[in-house]
Amino acid sequence: MQRLVLLDLDDTLIDRRQALAAVVTRFADRHRLTAAEREGVLGRLGERACLADFAALRELHGLTVPAGALWQQYAQDMAESVLCPAGVLEGLEALRVRGWRIAIATNGPGDVQRAKLDATGLAARVHAVCVSGELGFRKPDPRMFAAAARSCGAHPGEGGWMVGDDPVKDIIGGRSAGLTTLWIGRAADWPATLPAPDRIAPTALRAIRLLLALTPEEG
Ligand SMILES: [Mg+2]
């Protein structure tokens, strides 16, 4: 199997949920929303966020700031709030040294995802980044995995690993694309109705260590 690993971004390499909570608190403070309204915003942006969400929030809360400016502020706040756990950047570097090709395959809008990748230093540690908003298809679409493999100089169809937290988008999708799958489970149980992933790790760092253990340093 070629040394290829595709990694999801949100809630795999970075903790999007934690960053989003901080960003929504800032949004609520800035626009003087009540606690209940803040919860509503958090719920709306919980799974994913796009410009249309901010147009709707602007309408709902009678904000005067244009939706485009709210969106830009969101991208900036996310980039400032997001953290990459200790050891992950070094782990990616160690994989590169051992000959792994590494790409991030993430669903989301290009501007927000790239702002987070730059701010955390992840963009500089991988060979390539594929963002669904720039490609026009999303995981679990097999084209996303093929594009990510190609983008880092690997060959789709010659195997590799897919690491991610979403059972369907990352794991079922990755397997359909011919990849060995590693689920970032955190404390959750794998959904009983779905075929199991090949491996499970609680965090991205543990997943990276598992891949490093498969490819020990030579000499
Ligand atoms: Mg994810």
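Counting starts at 1 for both ligands and their atoms, following the listed order. Note: hydrogens, waters and symmetry copies are ignored here, and every other heavy atom, side chains too, is used. Quantities reported herein were computed from a predicted structural model and do not represent experimental measurements.
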Show which side-chain atoms of residues 137-150 pair as donor or acceptor with protein atoms under 3.5 Å away, not counting sequence neighbours.
| residue | atom | partner | partner atom | Å |
| --- | --- | --- | --- | --- |
| K139 | NZ | D8 | OD1 | 2.8 |
| K139 | NZ | A105 | O | 2.8 |
| K139 | NZ | D170 | OD1 | 2.8 |
| D141 | OD1 | R143 | N | 2.9 |
| D141 | OD1 | R143 | NE | 3.3 |
| D141 | OD2 | R143 | NE | 3.2 |
| D141 | OD2 | R143 | NH2 | 2.8 |

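For D10, the N, O or S atom closest to the Mg ion (ligand 1) goes by the atom name O. The atom name of the N/O/S atom in D8 closest to the Mg ion (ligand 1) is OD2. The nearest N/O/S atom of D165 to the Mg ion (ligand 1) is OD1.
The Mg ion (ligand 1) lies at 2.8 Å or more from every N, O or S atom belonging to D166.
Here the side chain of D29 pairs no donor or acceptor atom with the backbone of R26 at under 3.5 angstrom.
A perpendicular orientation is assigned to the rings of W190 and W183, their planes being inclined by more than 60° (bins at 30° and 60°).
Applying the salt bridge (Lys or Arg N to Asp or Glu O under 4.0 Å) rule to R58 yields no partners; only residues at least two apart in sequence or on another chain are considered.
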